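Nothing here was measured: the structure is a model prediction, and the numbers come from that model. Per chain, numbering begins at 1; letters A, B, ... match sequence-line order.
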Amino acid sequence: MPFYLDEAEQRALLGLIEAAIAAAPLFQPRMPRTGKPFSVKMTNCGTLGWVSDQRGYRYQPAHPATGRPWPPIPPLALQAWNELGRYPHPPEACLVNVYGLAARMGLHQDRDEEDFAAPVVSLSLGSTCIFRFGAATRGGKTQSLELASGDAIVLGGAARLAYHGVARILPGSSNLLADRRINLTLRRVTMPPRAAIDA
DNA sequence: AAGTAACA
DNA sequence: ACGG
């Protein structure tokens, strides 16, 4: 979905994310068990945030270092969820992944959420990346796609559990952020409540 | 295995 | 492939 956000929107969203990072500092996630650090840095917005450390993957309501609640999801990101997600409940998490030139993300599934009927909506800011995605089983074929600043993708339906990752960041590919990529992924984490029944 | 290394 |  090329150029979902125009340049003005990208700058506006970047400002909101920088403010969120100031309130909820970037941290370095670590692998379960081994404690090996990820090459990306992360933070979150929303009522729940995804964290990974030696104890495992989980969603939690507060920042692991500050203990404070995560800042709210920026309005422009909520708008993207509403326009692209086609899902009748709000997102609870907006994971913010920050990639430098050396950062990568191995192939994985997003499967720590309760409701796989809800899509994952992704927004890219800054440097272009080579994004890889495949089937919902490991070891299948993968395709490559460049994601540039302002692009949006939706992992929904059959693609909700597709393996995906980031192979590399392309140097010199952005005027918005010098050799840095910020990816936002919006997720519904918990099963939404059943519709209220009027008495 | 959301990790790395090493191979072609 | 390794190994959690």
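- One can place NZ of A:Lys36 at 7 Å from P of B:dT4, the figure rounded to the nearest angstrom.
- Across the protein-nucleic acid pair, A:Arg30 atom CZ and B:dT4 atom C1' stand 14 Å apart, rounded to whole Å.
- Within a 6.0 Å sphere centred on CZ of A:Arg55, heavy atoms belonging to other residues, nucleotides or ligands number 12 at most.
- Using a 4.0 Å heavy-atom criterion, one finds that A:Arg104 contacts the sugar-phosphate atoms exclusively.
- Inspection of the A:Ser124 and A:Arg181 side chains reveals an N or O donor paired with an N or O acceptor under 3.5 Å.
- In this structure, the OH atom of A:Tyr59 is 13 Å from the P atom of B:dA2, given to the nearest Å.
- As rounded to whole Å, 17 Å separates atom P of C:dG3 from atom CD of A:Gln54.
- B:dA6 is unpaired under the criterion used here, namely a Watson-Crick or G-U wobble arrangement in which both key atom distances are under 3.5 Å.
- When the C1' atom of B:dA1 is taken as reference, atom CG of A:Leu107 falls 11 Å away, rounded to whole Å.
- In this structure, A:Asp53 reaches neither bases nor backbone, as no heavy-atom distance under 4.0 Å exists between it and the strands shown.
- Taking atom CZ of residue A:Arg138 and atom C1' of nucleotide B:dA1, one finds them 7 Å apart after rounding to whole Å.
- Using a 4.0 Å heavy-atom criterion, one finds that A:Thr34 contacts the bases of the nucleic acid, with or without backbone contacts as well.
- For the pair A:Met31 CE and B:dA1 C1', the computed distance is 4 Å after rounding to whole Å.
- Within 6.0 Å of CD in A:Glu7 there are 12 or fewer heavy atoms belonging to other residues, nucleotides or ligands.
- Atoms CZ (A:Arg58) and P (B:dA2) sit 16 Å apart, rounded to a whole Å.
- Note: A:Trp50 CH2 to A:Asn44 CG = 9.0 Å, rounded to the nearest 0.5 Å.
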